[in-house]
Protein chains: 2
Amino acid sequence: MVSKEEIIDFIKNGGAHYLNDLSIECIIFGYHDQELKILLGRHSSGDWALPWAYIKKEETLQSAAERILKERTSLENIFLQQFHTFGDSQVRLAGALNTLAPPEIATEFGEDNWLLKRKVSVGYYALIDYTKAEVKAEFPFEEFQWHSISSVPTLIFDHKEMLEKALLTLRNQIHLQPVGSNLLPEKFTLPEIHVLYETILNKTLDRRNFPKKLLSLGVIEKLSEKRKIGQHRSPFLYKFNKEKYGEALEEGMVLAF
Amino acid sequence: MVSKEEIIDFIKNGGAHYLNDLSIECIIFGYHDQELKILLGRHSSGDWALPWAYIKKEETLQSAAERILKERTSLENIFLQQFHTFGDSQVRLAGALNTLAPPEIATEFGEDNWLLKRKVSVGYYALIDYTKAEVKAEFPFEEFQWHSISSVPTLIFDHKEMLEKALLTLRNQIHLQPVGSNLLPEKFTLPEIHVLYETILNKTLDRRNFPKKLLSLGVIEKLSEKRKIGQHRSPFLYKFNKEKYGEALEEGMVLAF
DNA sequence: AATTTATTTAGTAATATTTACGCATTGAAA
DNA sequence: TTTCAATGCGTAAATATTACTAAATAAATT
């Protein structure tokens, strides 16, 4: 909970502590019920947005992104990737992007207030285990919610474009690095990872051929354990082979889907 | 040619015209004599660096990068790709990165001069036809020279890391998009494109199988024209199929090498 | 003029991977 | 007991990749 005095102080004096020309936006992907989801926050104005924050003058980009992530989800040591820096949209160039700094701020705090300056944004995306995230909001957000990427509400600023670019990057990256270790629980089924890949790639993959590919790489291993799913045959559980997965992340691979 | 007065004005008052927390660095790749080369500039201090500049407050990132490129090579409408934003190295955090602003500037122009502030850098790489570049220098550089990527001089700031990251990005990207259209002349030989790919990938590709791959994609086409190379069999010339090449850039492809 | 040298062209064959697809097993609901 | 549908477990054909040799070429050398 942030008091009004703290908000005013932030607006007036924050420019001395934060980089004035930059912000960080974080696209937080989770996976649940065979849907890729993103974490969105609602401003007090009612607008939905990606998680974002300013960068402290002495803070690295990476640690700033990690801070945002921890503040929103309570998670640490998770997969976090810088993907693009945005600064060219009209909304960013105009410098009128900040719901913290409505028009009246120009009269109350001066036209050269740091919040009225153009903000270039360094975009990161994170892949997290949905079940482990403890979502929490704080100023300037009132609440956060998970949304399926197939039903994203209207987003402010250029956040729609940012989300699209993050998805495109993830979609391309999937050919060069395996994905899933961060999004799935430790033990998962073939249908779960299958649908995850189909969701990211936005295409249909043959249910009988797809597992052969991952197994031939050695990034996943079959367990003897099964999961009861009700009135159908119980699927086997699988886990990631940390060593092979790590090698595939490190050295790259090229997978056509 | 920039006068001393202009330099002083730039140092004193540039902060009102340029983003204070950001710069742009440009890795300009060319290809010549079967070597990948980069364009480097020498500061008056003797240090070698990547081409870089500040971003005007009203300038988009893309047009700033295009401006740097045109100023250095006289070229327009060329392949230019943002690849990573850098800000976390000690040299950048310390804010002591600028050879324009040596220690005495803190006394002469004040410790809060815009040039002494930390600069986060948005990195772009360009792929240009070496034969078309008209290289020219201006303040703060004294001269520019092409260097083979296998014999790069010591670079200031974190420019070595930036170059490495650009190469890595290019190396990864080559699996998702064809490369060469920007680096090779309109007509080229198989050995030329073969060595280009080998140089970027840093691995050996079979001389007999490699062309079949590009031909099977349809991105290159064989001409009936040959190029005399002296005391050996004249190789055929090839050209890019603009349509197929454009499709491969647009829709992506996945090529293992 | 013949021979040499080395680059390039033009393949073939073996192997690996991908693609397409069907049938059997399973397990709760009907 | 039967039904339904998800999952497991394949096989076969098509395609791509990999490994590699020999022929053609063209100026230099003898």
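Treat the numbers as computed from the prediction; the structure is a model and nothing was measured. Chain letters run A, B, ... following the sequence lines, proteins first and then strands; every chain starts at 1.
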Can I get a per-line list of side-chain donor-acceptor pairs under 3.5 Å for residues 232-243 of chain B, giving both atom names and the distance, sequence neighbours left out?
from, atom 1, to, atom 2, distance (Å)
Asn241(B), OD1, Glu243(B), N, 3.0
Asn241(B), OD1, Lys244(B), N, 2.9
Asn241(B), ND2, Glu221(B), OE2, 2.7

Without placing hydrogens or testing angles, list every side-chain donor-acceptor pair under 3.5 Å for residues 125-132 of chain A, not counting sequence neighbours.
from, atom 1, to, atom 2, distance (Å)
Asp129(A), OD1, Thr131(A), N, 3.1
Asp129(A), OD1, Thr131(A), OG1, 2.6

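Straight-line distance from the CE atom of Met253(A) to the C1' atom of dT17(C): 15 Å, rounded to whole Å. Rounded to whole Å, atom P of dT8(C) lies 10 Å from atom CD of Glu192(B). At whole-Å resolution of the value, NZ in Lys228(A) and P in dT26(C) are 12 Å apart.
Considering only residues two or more places apart in sequence or on other chains, Arg208(A) meets the side-chain contact (heavy atoms from CB on, under 4.5 Å) condition with Asp206(A). Not counting sequence neighbours, His175(A) has no partner by the side-chain hydrogen bond (donor to acceptor under 3.5 Å, both in side chains) test.
Each of Phe257(B) and Gly230(B) was assigned the nucleotide of DNA chain D with the nearest heavy atom; the assignment lying further toward the 5' end belongs to Phe257(B).
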The contact string for nucleotides 3-13 of chain D, one letter per nucleotide 5' to 3', using protein heavy atoms under 4.0 Å with B, S and - for base, sugar-phosphate only and none, comes out as --BBBBBBB--
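For residues 159-177 of chain B, every residue pair satisfying the salt bridge (charged side-chain N to carboxylate O under 4.0 Å, His left out) rule, not counting sequence neighbours, is listed here: Lys160(B)-Glu164(B).
The side chain of Lys213(B) contributes an N or O atom lying less than 4.0 Å from OP1 or OP2 of dT17(D).
At distances below 3.5 Å, at least one donor-acceptor pair connects side-chain atoms of Asp88(B) with backbone N or O atoms of Leu61(A).
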